Protein chains: 4
Amino acid sequence: MEIRIESDSRIPIYAQIEDQVRAMIAAGQLRPGNQLPTIRQLAAELRINYNTVAHAYMELDRAGVITTQRGRGTFVAELLDKAEMAQLRDRQLCGILRASLKEANRLGYSTDEVAAAFHRELSRWLRENETSEEE
Amino acid sequence: MEIRIESDSRIPIYAQIEDQVRAMIAAGQLRPGNQLPTIRQLAAELRINYNTVAHAYMELDRAGVITTQRGRGTFVAELLDKAEMAQLRDRQLCGILRASLKEANRLGYSTDEVAAAFHRELSRWLRENETSEEE
Amino acid sequence: MEIRIESDSRIPIYAQIEDQVRAMIAAGQLRPGNQLPTIRQLAAELRINYNTVAHAYMELDRAGVITTQRGRGTFVAELLDKAEMAQLRDRQLCGILRASLKEANRLGYSTDEVAAAFHRELSRWLRENETSEEE
Amino acid sequence: MEIRIESDSRIPIYAQIEDQVRAMIAAGQLRPGNQLPTIRQLAAELRINYNTVAHAYMELDRAGVITTQRGRGTFVAELLDKAEMAQLRDRQLCGILRASLKEANRLGYSTDEVAAAFHRELSRWLRENETSEEE
DNA sequence: GTGGTCTAGACCACG
DNA sequence: GTGGTCTAGACCACG
């Protein structure tokens with residue numbers, strides 16, 4: 001499982017782990033029933049503390065995204081079917097975008113300004129990522 | 001001056017104030033030379049701590065956006081010409097959008113997904129705001 | 001032997017097994033001298049770890065409820081007469097009820113509240129179980 | 001705030017705190033807007049670790065029972081009106097009782113047995129608590 | 001070996 | 001002073 005932590009981010013490490021696990025499940029990279037790395041494994045891999053990973057897993061468990069089986073490990077919850085996962089993924093992405101639109105709104109930008117900036121930034125981003133995805 | 005604080009946001013209150021003051025200046029709602037409310041006034045109005053407002057003003061002062069004149073009050077800096085303000089405004093908006101694109105990237109969304117979601121959410125947002133801006 | 005495990009319960013699996021074996025003996029579903037499934041059988045049937053079943057059997061053995069005969073298997077203890085079994089059964093049930101009363105106490109509910117809730121919930125439960133027991 | 005911890009209980013300390021805070025709110029001992037003791041205060045009072053209390057508060061916050069105000073402290077959520085609180089209280093008590101009935105069910109006790117035991121244990125408990133409440 | 005809980009203590013942002 | 005996060009490390013029940 002490839003998780004990347006940005007240690008200078010405002011978002012706490014445990015929340016970064018949560019987000020990425022959700023995204024990987026939603027993307028089908030982690031499928032229902034798949035075992036997640038053990039807390040100790042992931043902590044070692046990311047060079048972070050055991051408790052930080054445990055915190056992330058506990059919250060994912062509570063949210064029903066993963067299930068914990070005593071003494072055996074942690075697994076992606078079985079409940080989610082494909083449609084549900086696609087929905088999950090979609091909601092996460094929408095959430096991010098809406099948050100930025102809401103923020104722009106709060107700061108009093110006009111619809112025209114936002115629309116223009118959106119298109120410009122998206123184009124720039126697509127250009128940047130074409131390159132990096134080909135690597 | 002109408003500032004709205006979201007107390008459940010992850011963004012610190014002082015940063016919310018800074019963002020909004022910058023936006024109001026950039027939008028021309030606050031013009032060079034205009035006086036800002038005193039720290040005490042704004043703190044009372046927003047029902048937040050004196051130090052929180054002081055923190056926001058101090059950073060805006062450091063950034064040269066406002067100037068503090070001892071015993072007289074706080075004013076929008078005279079330095080900024082129109083071009084500078086437009087630039088300021090633009091940078092802020094870009095920052096918001098780029099942050100959301102970076103986030104989407106981090107969570108492993110494909111460029112196609114992001115582009116599609118961007119257009120969809122922007123359209124939705126434009127529709128919502130047509131109505132509300134006519135009020 | 002029909003044992004049902006609730007994997008999301010706070011009660012450890014081995015304790016769930018113990019409880020249910022005791023209950024079955026007390027209820028006369030398992031009689032003195034009856035053979036219990038082997039540890040391996042039960043573990044396979046319940047899809048749980050061998051050691052978990054072994055733990056439950058070991059404790060039941062220590063308590064004198066079952067006897068283990070090397071190479072032959074595990075059997076319900078002969079010692080228990082009817083009165084003893086009735087007592088066993090009663091104690092178990094009392095334990096459950098007292099635990100819930102103690103919990104209510106801990107959380108500061110008044111005797112009136114508890115008494116009222118007890119009667120209401122018991123009535124509800126009796127109604128539910130009339131139906132299901134006729135099946 | 002009077003919270004009692006049973007350190008030999010199966011229930012984790014943080015969960016005991018959560019339960020009791022909920023109960024106190026539901027009982028009206030803690031009212032909407034009331035400030036809870038700070039994490040440090042409660043930890044000192046109960047002679048437990050800062051983090052254990054923080055864990056309990058974090059979960060109560062997430063559940064919307066309390067709200068955390070940065071740098072100021074933690075308060076009972078305002079949302080809850082009297083009816084809601086009574087409901088909360090009722091649900092908690094029901095939950096306890098139903099869990100014990102479900103447990104009895106699982107262990108194969110007949111409705112008659114359970115009904116008899118319920119009345120007997122409730123009477124015993126009422127007798128015990130008459131005395132102790134007069135103290 | 002696996003997750004769960006707790007302690008002790010640190011540093012931080014925020015107010 | 002207040003809560004939030006993280007580390008380091010321990011012990012435990014469970015499997």
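A, B, ... follow the sequence lines: proteins, then strands. Residue 1 opens every chain. Please read these numbers as outputs of a predicted model, since none were measured by experiment.
- Place D:Tyr57 and C:Ile11 on DNA chain F by their nearest nucleotides, and D:Tyr57 ends up nearer the 5' end.
- Running 5' to 3' along DNA chain F, contacts with non-hydrogen atoms of chain C at under 4.0 Å begin and end at F:dC14 to F:dG15.
- Comparing A:Arg72 and A:His55 against DNA chain F, the residue whose closest nucleotide sits nearer the 5' end is A:His55.
- Both A:Thr68 and A:Asn51 sit near DNA chain E, but only A:Thr68 has its closest nucleotide nearer the 5' end.
- Here B:Glu45 does not pair with B:Arg40 in a salt bridge; the nearest charged N to carboxylate O distance is not below 4.0 Å.
- Note on D:Asn49: a base of the nucleic acid sits closer than 4.0 angstrom, heavy atoms only.
- Annotation: side chain of A:Ile17 is in contact with side chain of A:Ile48 (closest heavy-atom distance under 4.5 Å).
- The residue C:Ile48 sits apart from the nucleic acid: no heavy atom pair falls under 4.0 Å.
- Contacts of A:Ile13 with the nucleic acid, taken as non-hydrogen atoms under 4.0 Å apart, involve only primed sugar atoms and P, OP1 or OP2.
- Nearest-nucleotide mapping onto DNA chain E: of A:Leu36 and D:Arg47, the residue sitting toward the 5' end is A:Leu36.
- Among the atoms of the strands shown, base atoms are found under 4.0 Å from some heavy atom of A:Tyr50.
- Counting only distance, with no hydrogens or angles, the side chain of D:Asn34 and the backbone of D:Val76 share no donor-acceptor pair below 3.5 Å.
- Side-chain contact annotation: D:Glu18 with D:Tyr57, donor-acceptor N/O pair under 3.5 Å absent.
- Within a 6.0 Å sphere centred on CD of A:Glu2, other residues, nucleotides and ligands contribute 12 heavy atoms or fewer.
- Across all strands shown, E:dG1 is found opposite F:dC14 as a Watson-Crick or G-U wobble partner, with both distances under 3.5 Å.
- Within the 4.5 Å cutoff, no side-chain heavy atoms of B:Gln35 are placed close to those of B:Arg72.
- As judged by a 4.0 angstrom heavy-atom cut-off over every strand, C:Tyr14 is placed among residues touching the sugar-phosphate backbone only.
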